[in-house]
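Structure first, then comments.
First the proteins, then the strands, lettered A, B, ... as listed; each starts at 1. As a basis for the values below, the full set of heavy atoms in this structure was taken, side chains included, without hydrogen atoms, waters or symmetry mates. In this text, all values refer to a predicted model and were calculated from it rather than measured experimentally.
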Amino acid sequence: MDHAATMEQPMDPAQPSPLSPNWGKIMMWLFLMSDAMSFAGLLCAYAAVRMGSTVWPVPSSILGVPLTALNTFILICSSVTMVKGVSAIQKGDVAGLKKFLALTMLGGSIFLGIQAYEWTHLINEGLTVSRSLFGATFFVLTGFHGCHVLSGVIYLGFILSAAARGRYNAHNWNPVEIVGLYWHFVDLIWILVFTFVYLI
Amino acid sequence: MAAAAHKEPNYMNVFWALLVLTLAEVGIFYLGLPKVVMIVCLIVMALVKAGLVAAYFMHLALEKRTLALIVVSPLVLSAIIIIGLTPDSVFSYPRKPPEHWVLPGQEEPASEPNAEPSAPSPEQVAPPAQAPPVDGGPA
């Protein structure tokens, strides 16, 4: 029980203390915020380099916006399957959890496949990290995000295998919610990267 | 671990909002609005989308206020980075290297103050190599 909370007001069971019962969630949030700082640094470097350059290409003249918009849509869908998975296990539906975790992994894998296709296409066209500042910032930003998606798919794989071994039920699902936090964060970052790198 | 489930938000409504905002972003992008209007619209919509994901998918709106404070406080630091970098990026500064820099292809310093006092060889008398143009202008 959280002493400060009990002194101020009676505990609302629908509002768990952020500190006592669920420390794993706090730790994931702290990690995500440090990760957000990394992405903020990369995005700031991108903005500074771009605004300080004498010439900069129109991004959409090099990058394919429709394909990436589709990729954004796929990632948003995978976020929805993730919340459906968390919601399923909160009701004790292990089969639903396994189905939705698998669908989330599928969405992440399709995202990575499309990104690999895009990178191959761009590299064949001559855009590389060392060719221009545009290439350097593009590959570092999308690559750093892509590594997060790949890590997320692997992380989801571990949670799925634990779910298959019957580790989660209606009373024990914190690890599922925590992997969900990570997955939504990766989606959130992509929303920003898509806007700043592809559209603006 | 005594896990208490939150009251579940309507996830499909959040999904439709995200979908509509994504389509609107791509639509505005192809609309050909003035650049400043487009950029402001895109940034606002991206931040709204990010906020929706954090508030509903990540349950930030349903958690205790303390967690939201923990989460938002480091973002203030990000804002400080942005504000700190903006003057350097936005305001023009002379895009020329400082005089004392030795650039590639110009490794011989133009003049050595303490060079040995022997008679200068013809090579040393030759005019010092001009600094290569930086902005890719005519050589």
Side-chain angles (χ1 to χ4, degrees), chain A residues 2 5 13-19 21-22 24-26 29-30 32-34 36-37 40-41 43-45 47-52 54 60 65-66 69 72-73 76-77 79-80 82-84 87 90-91 170-174 177 180-181 184-185 187-189 191-192 194-196 198-200, chain B residues 1-9 11-12 14-15 18-19 21-23 25-26 28-30 35 38-39 42-43 45-47 49-54 56-60 62-68 70-75 77-79 81-82 84-86 88-90 93 95 135-136:
Chain A
D2 185 339
Q15 299 245 311
S17 156
L19 296 177
N22 200 343
K25 192 152 73 179
I26 299 287
W29 267 110
L30 290 182
L32 292 181
M33 284 305 104
S34 69
M37 294 294 284
L43 280 169
C44 286
V49 163
R50 179 170 175 178
M51 291 195 281
T54 43
S60 57
V65 170
T72 308
F73 172 71
I76 290 175
C77 288
S79 251
V80 174
M82 187 69 236
V83 289
K84 293 275 182 193
S87 161
Q90 284 173 346
K91 294 174 189 128
H171 305 291
N172 180 16
W173 41 260
N174 275 340
E177 192 186 15
L181 287 178
H184 299 311
F185 174 77
D187 182 22
L188 191 160
I189 290 293
I191 287 170
L192 299 178
F194 175 60
T195 303
F196 286 109
Y198 287 80
L199 295 182
I200 288 180
Chain B
M1 267 190 250
H6 316 102
K7 204 175 70 179
E8 192 172 291
Y11 293 127
M12 286 322 281
V14 181
F15 167 73
L18 289 174
L19 183 60
L21 280 169
T22 305
L23 290 176
E25 273 196 301
V26 176
I28 281 190
F29 171 73
Y30 282 116
K35 199 152 193 239
M38 185 187 89
I39 287 176
L42 286 176
I43 290 179
M45 285 198 278
L47 292 180
K49 284 165 73 183
L52 283 175
V53 171
Y56 295 108
F57 284 175
M58 300 172 87
H59 299 151
L60 204 54
L62 313 169
E63 304 277 4
K64 287 206 117 188
R65 185 80 52 84
T66 319
L67 184 59
I70 291 173
V71 167
V72 170
S73 49
L75 298 183
L77 296 176
S78 308
I81 302 182
I82 295 171
L85 275 174
T86 304
D88 191 50
S89 317
V90 174
Y93 50 90
R95 295 201 168 85
D135 292 329

Quick one: are [X] and [Y] in side-chain contact, heavy atoms under 4.5 Å?
| X | Y | result |
| --- | --- | --- |
| B:I43 | A:I200 | yes |
| A:T72 | B:E25 | no |
| A:L199 | B:I39 | no |
| A:W29 | B:I70 | no |

Do you know the tightest heavy-atom contact between [X] and [Y]?
| X | Y | result |
| --- | --- | --- |
| B:P74 | A:M37 | O-SD, 3.5 Å |
| A:L188 | B:A50 | CD1-O, 3.5 Å |
| A:Y198 | B:F29 | O-CE1, 4.3 Å |
| B:L42 | A:T195 | O-CG2, 3.7 Å |

Atom [atom1] of [X] and atom [atom2] of [Y]: how far apart are they, to the nearest 0.5 Å?
| X | Y | atom1 | atom2 | result |
| --- | --- | --- | --- | --- |
| B:E63 | A:I26 | CD | CD1 | 8.0 Å |
| A:I191 | B:L18 | CD1 | CG | 5.5 Å |
| B:Y56 | A:H184 | OH | NE2 | 14.5 Å |
| A:E177 | B:H59 | CD | NE2 | 6.0 Å |

Chain A contact via [X] - side chain, backbone, both or neither, heavy atoms under 4.5 Å:
| X | answer |
| --- | --- |
| B:I28 | neither |
| B:F57 | both |
| B:Y30 | side chain |

Given a strict heavy-atom distance threshold of 4.5 Å, which part of A:L30 is in contact with chain B: side chain, backbone, both, or neither?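 Contact with chain B involves the side chain of A:L30 alone.
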
* Side chain, backbone, both or neither: which part of A:I189 has a heavy atom under 4.5 Å from chain B? ->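 Contact with chain B is absent: no heavy atom of A:I189 under 4.5 Å.
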
- Task: Report the option among B:L77, B:L19, B:V71, B:T22 that has the most heavy-atom pairs separated by less than 4.5 Å from atoms of chain A.
- Result: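 Ranked by contacts with chain A, first place is B:V71.
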
Residue from B:K49, B:M12, B:K35, B:M38 scoring the most non-hydrogen pairs under 4.5 Å with chain A is B:K49

